[in-house]
Number of protein chains: 2
Amino acid sequence: MELLGRSFVAGVRISRGATVFFGKAAATGERLDPGFTSSSMEDVDDAAKAAAAAATVFAKTSPKVRVELLRAIAAHLEKLAPDLVPRAMAESGLPQARLEGELARTCGQLRLFASVVEDGSWQNARIDRALPGRKPLPRPDLRSVLMPLGPVAVFGASNFPLAFSVAGGDTASALAAGNPVVVKAHPAHPGTSEIAALAIAQAVSESALPAGIFSMLFDDGIAVGQQLVQHPAIEAVAFTGSHRAGRALMDLCASRPRPIPCFTEMSSLNPVFILPGALASDPLGRAKGLHGSFTLGAGQFCTKPGLVFLPESGGAAAFREELRTLTSASAPFTMLTSGIADAYHRGLEDRGKLDLQTAAAAPATSPQSHAVLLESTLEGFQRDSVLHEELFGPTTLLVSWDSRERMLQAAEAMEGHLTATLLGDEADLLANADLISILERKVGRLLVNGFPTGVEVSHAMVHGGPYPATSDSRFTSVGSQAILRFVRPVCYQNFPQAALPDSLRDENPLGIMRLVDGELTREAL
Amino acid sequence: MELLGRSFVAGVRISRGATVFFGKAAATGERLDPGFTSSSMEDVDDAAKAAAAAATVFAKTSPKVRVELLRAIAAHLEKLAPDLVPRAMAESGLPQARLEGELARTCGQLRLFASVVEDGSWQNARIDRALPGRKPLPRPDLRSVLMPLGPVAVFGASNFPLAFSVAGGDTASALAAGNPVVVKAHPAHPGTSEIAALAIAQAVSESALPAGIFSMLFDDGIAVGQQLVQHPAIEAVAFTGSHRAGRALMDLCASRPRPIPCFTEMSSLNPVFILPGALASDPLGRAKGLHGSFTLGAGQFCTKPGLVFLPESGGAAAFREELRTLTSASAPFTMLTSGIADAYHRGLEDRGKLDLQTAAAAPATSPQSHAVLLESTLEGFQRDSVLHEELFGPTTLLVSWDSRERMLQAAEAMEGHLTATLLGDEADLLANADLISILERKVGRLLVNGFPTGVEVSHAMVHGGPYPATSDSRFTSVGSQAILRFVRPVCYQNFPQAALPDSLRDENPLGIMRLVDGELTREAL
């Protein structure tokens, strides 16, 4: 496939910006052809306006049209796999098996949202029937249902070039809800982005939907993204990335003349609490599991366990020794970009001043990186604020404690994270109900005896959490509930049947679950 | 009952501020005893910290405890009615029947949320069972449920001294979800606020719950409210009031080091579209209905119809004539406060420069106000931005149009509102599908052949809408869905039964509706 290096503006391949940038091979730093022309301010404006123009039509489409669109995108992505996977391998440095798995996950997400739309119950349709005889006042007929917000700006993330990028979960959930999407492609994988956008554009062109429901813009700077989220036609923003960039987007959205919802998934240490029983019974197994998790994908996951609380009790020495050995023996890692590798090395240098490094694999040459184990006391962790910041890359911080009370204080003092993990036997968990209570207020997902780096795409998944893990803990960006970020309820009072949306008509033509006078039912009225 | 004029800080009656202020009789401006001492910064801090300390206990209470609390608050309010209603009448100038009705509504809201908590399905409990044999990777056991956010700051509104104030819908929904509440009482009805707070404090003291789940602070300035929303222990904000104050709160919440959800319900013109068929068939009836709605409660409702689009077709002259006559014959109105009356008169003066006034009742002396009908062409409306601002009080603006295309453009150019109303027969509605499509994107509630000033408290009600109607169109502040403003999902992965919340245990001890492997059921696993 020949890449054009141009944006998609409502089906038109055009980039009117002044700069050209290139993808780079993550493994070598080598420049990859072709050049990608950045989008101009005019491109942004055209894409946003086309999205707004398409929004009303798209909002009115039957669920069937959206279901077919989502499935067609998945099918096109699969057809393009022979181009998509090698390009993503080159741009991200991620291995083939991982990217094939990520492509399967990406298509699985699209199909999950298709099935959610098909089922229809997500729309939260509610009907309170009229009570004309009620005293002192009659009750009118009231019906409400979730409707799309309108054009959503989606930012591709660097660490999942498929599943959290152009055709990833944000795009899938926004389209499923009936919102046009304008993607700002991540400059670290422009070729991958172009191929994924092609799959979406093909699916759109085969549908009866307006081309304006999908655009994708290129830029290796921040101007296009900034203009996009401030554009009056944009109604919501979805982003996965750094705390700095995420907070900047939040602030831009909040300071617009008309503020808009902004869902940013930002930074998380994903604390792991090793509990005494589990430590005593299997210190080596726990160390092995932790090493596998913090080095998985070169430690470039939002859910990488970056902070581990270790009690100074039986098994601690063996656990520590094993973790040091495994860390030292780790093979070097290819990082996603030289920028991420540089930030990782700078972060290690900052922490290096604290003299915490206890084990490290042989240093690797940039853009490769080496695994590092840092160790601190609880006092040191509480004192040094840099240790509370996420460090993207194959490293974790082991914090030893000998006072349970102070460990609980440290947990209570934590900011929000995406996940927290407890490694413990049943007795450990019963003895740590107070710790669990604290963690429930700090994170979006609590795990027992697993590691947080696997994020299942399902109905019950919560990939979210209190700030700074995300901008809004009331939502998740992974799983079927991610669709709720991009909808709002609309109520119809005393509407005649013919003027109601299908979801609210008496005969329930969509066959969806509805709350009728407070009772859930799929029955017609 | 003797009022103390002091705040409620976690059950303690204390106000350590430097200023004392008084309620005023709305009808006469006369000072009402006693003096109310404002809260100090220390009071705010104590209230917020007590709320945070109580939050974990409260979040863990069984639904039964919350149900009993909500019902006890309603019962105490009813018991205090002989004190509450006369004091509210004096402070607000609203008539007895209205306040008795509002008290019934307030107690009804508390009991609705009690029944929602009792039913439990609102918690959106989801269970995805483990698939240990799944290829390529097993699926872990995942369960999620909505959990309270933590302490909520609630601002009392002036125009509903009971239903949107201390024990109103914000407090009821926040408590129902398990969140402690710190109320900032509205200074226009401090005595009413004290009595309502007493009802809540009594209910809390009779429960086994910590006193910190409820505090109420006094201040006739803005310092206490500002400090409250910026306090690190506060997790969410709920407010009903002016656009200026609401936007200021939004900006404060967004600019915190740790931003928090902020739901503000602000301003709305509640546009009414009179359609040709309805106009021709019953011009006088439509005029009478509109006059009743825009003067109801002296036009001091969030949902007052402040903008009316009138086609220059059959019946228009009769409609206009009748509306002028009714407006001129309106008796004077007692406004809630002299501040609101002043703002109303200033607003009329601003519009007076545009020479739009076509009918008015005889001017009344402040704090009383008179009804005014303003009339403009579509061109005038599109030109003068002041006509797009809410004017609280017994006035509405009639905008005549003779080009349907331009009327649609004006509708498309509107900002967000709480409601939009269509007065039309079935043929009108079918002929105006395009108008309905536009309005669906502009408001939270669409009405046919009614008036927006009644807001039913039910499952399907949406009292919300795009900015500037509210800060976040994804939520409603009235009806059972208002609880969703103050909760977030938490996911439990591979948790043993004993460590799970009751809502997620296999045996479903609460008997709630749950989504199990994608299917809704009340069955145990």
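The structure presented is a predicted model; accordingly, all values stated were derived computationally and were not measured.
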At a heavy-atom separation under 4.5 Å, does [X] approach chain A through its side chain, its backbone, both, or neither?
X        : value
B:Leu422 : side chain
B:Leu149 : side chain
B:Pro232 : neither
B:Asp128 : both
B:Leu520 : side chain
B:Leu447 : both
B:Val443 : backbone
B:Ser471 : neither
B:Glu440 : both
B:Pro468 : neither
B:Asn124 : side chain

Original post:
Within residues 53-61 of chain A, which positions have a heavy-atom distance to chain B below 4.5 Å?
Top reply: A:Thr56, A:Lys60
Tell me, out of [options], who's got the most heavy-atom pairs with chain A below 4.5 Å.
options                                : result
B:Gly465, B:Gly101, B:Pro501, B:Pro489 : B:Pro489
B:Glu426, B:Met147, B:Glu456           : B:Glu456
B:Gly479, B:Ala498, B:Pro466           : B:Pro466
B:Gly518, B:Ala499, B:Gly450           : B:Gly518
B:Ala460, B:Gly150, B:Ser473           : B:Ala460
B:Asp119, B:Val145, B:Val448, B:Ile260 : B:Val448

Starting at [atom1] of [X], measure out to [atom2] of [Y] and round the result to the nearest 0.5 Å.
X        : Y        : atom1 : atom2 : result
A:Arg488 : B:Thr470 : CZ    : OG1   : 9.0 Å
B:Leu515 : A:Trp122 : CG    : CH2   : 14.5 Å
B:His459 : A:Asp517 : NE2   : CG    : 8.0 Å
B:Ser121 : A:Glu519 : OG    : CD    : 8.5 Å
A:Asn449 : B:Gln493 : CG    : CD    : 10.5 Å
A:Leu142 : B:Arg445 : CG    : CZ    : 7.0 Å

Using non-hydrogen atoms and a 4.5 Å limit, figure out which bit of [X] sits close to chain B: side chain, backbone, both or neither.
X        : value
A:Ser255 : backbone
A:Arg441 : both
A:Arg256 : backbone

Original post:
What pair of heavy atoms forms the shortest contact from A:Pro259 to B:Met250, and how long is it?
Top reply: CG-CE, 3.5 Å
Subject >> Shortest non-hydrogen contact between A:Val490 and B:Val462, atoms and distance >> reply: C-CG2, 4.2 Å
Original post:
Relative to chain B, which of A:Pro136, A:Ala125, A:Ser437 shows the most heavy atom pairs under 4.5 Å?
Top reply: A:Ser437
Subject >> Donor-acceptor under 3.5 Å (B:Arg474 side chain, A:Arg485 main chain) >> reply: yes
Original post:
Counting distance only, does the side-chain N/O of A:Arg258 pair as donor-acceptor with the main-chain N or O of B:Tyr467 below 3.5 Å?
Top reply: no
Subject >> Working for side-chain contact (heavy atoms from CB on, under 4.5 Å), residues B:Gln481 and A:Arg126 >> reply: CA-CA 10 Å; B:Gln481 301 186 81; A:Arg126 292 171 167 226; 3.0 Å; yes
